[in-house]
There are 2 protein chains.
Amino acid sequence: MSNRPPSMRDVARLAGVSLSTVSRVMRGVPGVSPVVRERVQSAADELSYVVSRNASGLVTGRTGRVAVIVPFLQPWFFGSVLAGISDTLRHADLDMLVHQVGELRGQRGWTRSLPLRRNSDAVITVSMDLSSEECERLDDVGVPLVLTGQKVPGRACVFIDDRQGAAKATRHLLNLGHTRVAYIGSTGGPWLSLSSRHRLEGYRAAMADAGLPEWSVLSSPGRRGGELAMGELLAEHHPPTAVLTEFDDMAMGAYRTLRRSGVPVPGAISLMGFDNHEVASVLDLTTVDQAPRAIGTAAAELTIGILNEDAPHRHVEMPTQLILRQSTSTVRERP
Amino acid sequence: MSNRPPSMRDVARLAGVSLSTVSRVMRGVPGVSPVVRERVQSAADELSYVVSRNASGLVTGRTGRVAVIVPFLQPWFFGSVLAGISDTLRHADLDMLVHQVGELRGQRGWTRSLPLRRNSDAVITVSMDLSSEECERLDDVGVPLVLTGQKVPGRACVFIDDRQGAAKATRHLLNLGHTRVAYIGSTGGPWLSLSSRHRLEGYRAAMADAGLPEWSVLSSPGRRGGELAMGELLAEHHPPTAVLTEFDDMAMGAYRTLRRSGVPVPGAISLMGFDNHEVASVLDLTTVDQAPRAIGTAAAELTIGILNEDAPHRHVEMPTQLILRQSTSTVRERP
DNA sequence: ATGCTCAATGGCATCGTTTTCATACAGTTG
DNA sequence: CAACTGTATGAAAACGATGCCATTGAGCAT
């Protein structure tokens with residue numbers, strides 16, 4: 001293992017100049033003659049020297065890092081958002097610190113347990129659905145805060161219009177001629193409850209507009225919840241001919257129940273999800289896309305904008321898009 | 001926005017002690033009376049002070065951060081590995097820096113472009129399938145390197161026995177009475193090529209052991225490749241009665257083709273994947289689990305061990321496990 | 001009382017940068 | 001030739017922690 005990584009002093013010695021000059025060259029600021037600049041550059045290359053963010057950050061007060069807080073890392077969605085964030089931050093020469101909150105959440109003062117303060121220039125939360133109290137706790141860190149997946153007045157946020165997305169989906173089903181359109185939603189989940197509410201509202205609004213009665217079943221979030229909820233619906237005397245679920249994961253559970261019960265999709269029941277899960281295409285599931293990667297990109301851009309003080313707009317609404325596949329079709333009443 | 005984050009000096013002043021004492025308390029080292037310790041602690045809490053890793057790292061030479069390098073962030077697999085790493089590192093009070101290499105890979109000297117040097121205490125690569133030259137480049141950073149998803153003699157690695165896993169899967173199909181067992185593999189993928197090779201070898205070995213002819217189709221990695229490959233197999237005069245794919249993603253593509261062609265699974269063809277993708281259960285896909293989260297955990301533990309100098313074992317082989325679901329069954333010849 | 005030990009605490013140099021200020025030197029001008 | 005530019009360069013003081021060494025004072029044996 002190498003003894004000690006080279007310091008700026010080593011570069012200075014090798015190039016025969018002072019520390020200040022090396023610093024100027026490394027930061028690319030003017031005020032160094034081309035000859036010297038060249039000499040310093042090649043000295044640095046020779047030692048394969050890179051500036052210690054630790055040390056420079058100490059002086060500048062900037063760490064060159066952005067902390068990203070996610071509830072969990074496993075679900076598909078977060079990987080996509082992180083991918084967007086990561087790519088965008090790299091171009092601004094910022095590193096990405098990832099904190100998975102997970103089960104820690106709920107413990108009083110989990111925001112404290114993260115070593116954010118002084119260790120990042122900004123904080124991005126991903127679908128954390130923060131309470132205003134939690135927001136304030138994070139404000140306390142003293143760096144800009146950018147939220148995704150929730151809309152809070154006066155704060156920098158990136159979000160989608162869940163209400164509109166769900167309404168769009170519902171209208172798609174209604175346009176196909178369905179009148180008995182049920183909704184499977186989640187309840188009591190550990191996060192996303194705000195988005196849950198909005199999606200349900202969107203469905204309700206669309207149904208009301210069409211003058212049709214709403215029909216919603218709430219279950220535990222996740223695949224299992226979808227399975228159970230669909231079971232309930234099938235047990236009805238007159239089951240629905242179309243079902244919209246709050247997210248693709250629940251749709252997959254519902255799909256499983258349908259397959260096991262021998263109910264043809266979309267023959268007897270049209271099924272729709274929400275999210276455009278990476279495997280929705282495998283199931284040919286009609287769904288609503290929310291472009292998670294683009295959300296990440298937007299959040300990172302917003303963050304960079306704020307850090308550069310040229311903060312333009314603080315609210316970014318991402319579009320949702322209907323993805324039509326094979327799991328929905330016009331209504332065909334069963335005999 | 002607050003003026004300036006509190007420094008250790010502020011805490012010291014508030015608690016009426018010296019800098020050294022605060023430092024001792026924050027690091028939890030002995031040599032401070034309980035009374036003072038308590039006083040300092042509450043002063044720190046009041047200011048919601050946390051130590052600056054930047055500053056402490058400057059002195060100790062440790063950054064308190066571990067860099068994780070992944071090819072991409074979107075695929076399900078990486079999220080799971082990261083989840084394992086993240087949780088484990090947190091307990092050791094280490095932060096996780098994530099670098100997505102993505103398209104950068106392949107550019108000469110991509111290892112240089114990452115600001116690793118001096119900015120992390122260790123580097124973990126996830127399924128990067130590094131060449132020995134790339135390894136050396138990373139050694140150059142001067143911090144311990146831990147590889148996952150590949151086995152390199154003399155280096156700290158975490159990996160699974162792909163060969164054995166594929167052989168296990170193949171034998172499962174053979175035990176069900178299948179004799180025409182095909183393999184769908186990937187070719188020319190941007191990464192994972194080593195693991196690809198091993199899985200194919202495992203399949204071949206199992207077939208050879210059973211005295212049966214191998215039958216493999218290589219296609220582009222990913223779902224689309226699976227679709228196409230399965231199309232090819234179905235076009236044969238005597239299609240196989242069982243198909244093993246290199247990974248679940250390809251199995252999903254294959255599954256789609258089968259569904260569209262009206263071939264019942266597992267009625268006419270038994271289908272197996274490899275990875276235990278989070279949605280394999282939705283499709284009731286029999287597969288081989290490689291516990292990505294556990295891989296992450298193991299890699300992080302290995303890293304921590306090395307950092308604490310008590311590095312025990314440098315090679316960790318993770319077990320694979322057959323996950324039996326509904327997509328495989330005993331052979332039933334079609335009429 | 002005196003000397004000794006040991007735990008608790010404070011002082012200060014140090015880490016590797018940035019930043020401000022001072023200096024040297026070349027070129028221009030009156 | 002003196003005074004004034006302005007541009008390169010260097011010296012030194014931060015930044016916020018750690019870690020070594022010195023100091024203090026209490027407890028105890030002599």
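Throughout, a chain's letter reflects where its sequence line sits, starting with A, and its residues are numbered from 1. Owing to the predicted nature of the structure, the values given are computational and were not obtained by experimental measurement.
- Comparing D:dA17, D:dC15, C:dT17 against the side chain of A:L58 picks out D:dC15 as the nearest.
- At distances below 3.5 Å, at least one donor-acceptor pair connects side-chain atoms of B:Q150 with backbone N or O atoms of B:L130.
- Side-chain atoms of A:R62 and B:N54 include no donor-acceptor pair closer than 3.5 Å.
- Checking side-chain atoms of A:S131 against main-chain N and O of A:E134 turns up a donor-acceptor pair under 3.5 Å.
- Atoms CZ (A:R53) and C1' (C:dT18) sit 15 Å apart, rounded to a whole Å.
- In summary, the side chains of A:Q74 and B:S80 do present a donor paired with an acceptor at a separation below 3.5 Å, with no hydrogens or angles considered.
- Side-chain contact annotation: A:R27 with A:S23, donor-acceptor N/O pair under 3.5 Å present.
- Contacts of residues 12-46 of chain B with DNA chain D (heavy atom under 4.0 Å): B:S20, B:S23, B:R27.
- The shortest heavy-atom contact between A:A15 and A:A43 is CB-CB, 3.9 Å.
- As a whole-Å value, the separation of A:N54 CG from D:dA14 C1' is 17 Å.
- In this entry the distance linking CE of A:M8 with P of D:dG10 reads 14 Å, nearest Å.
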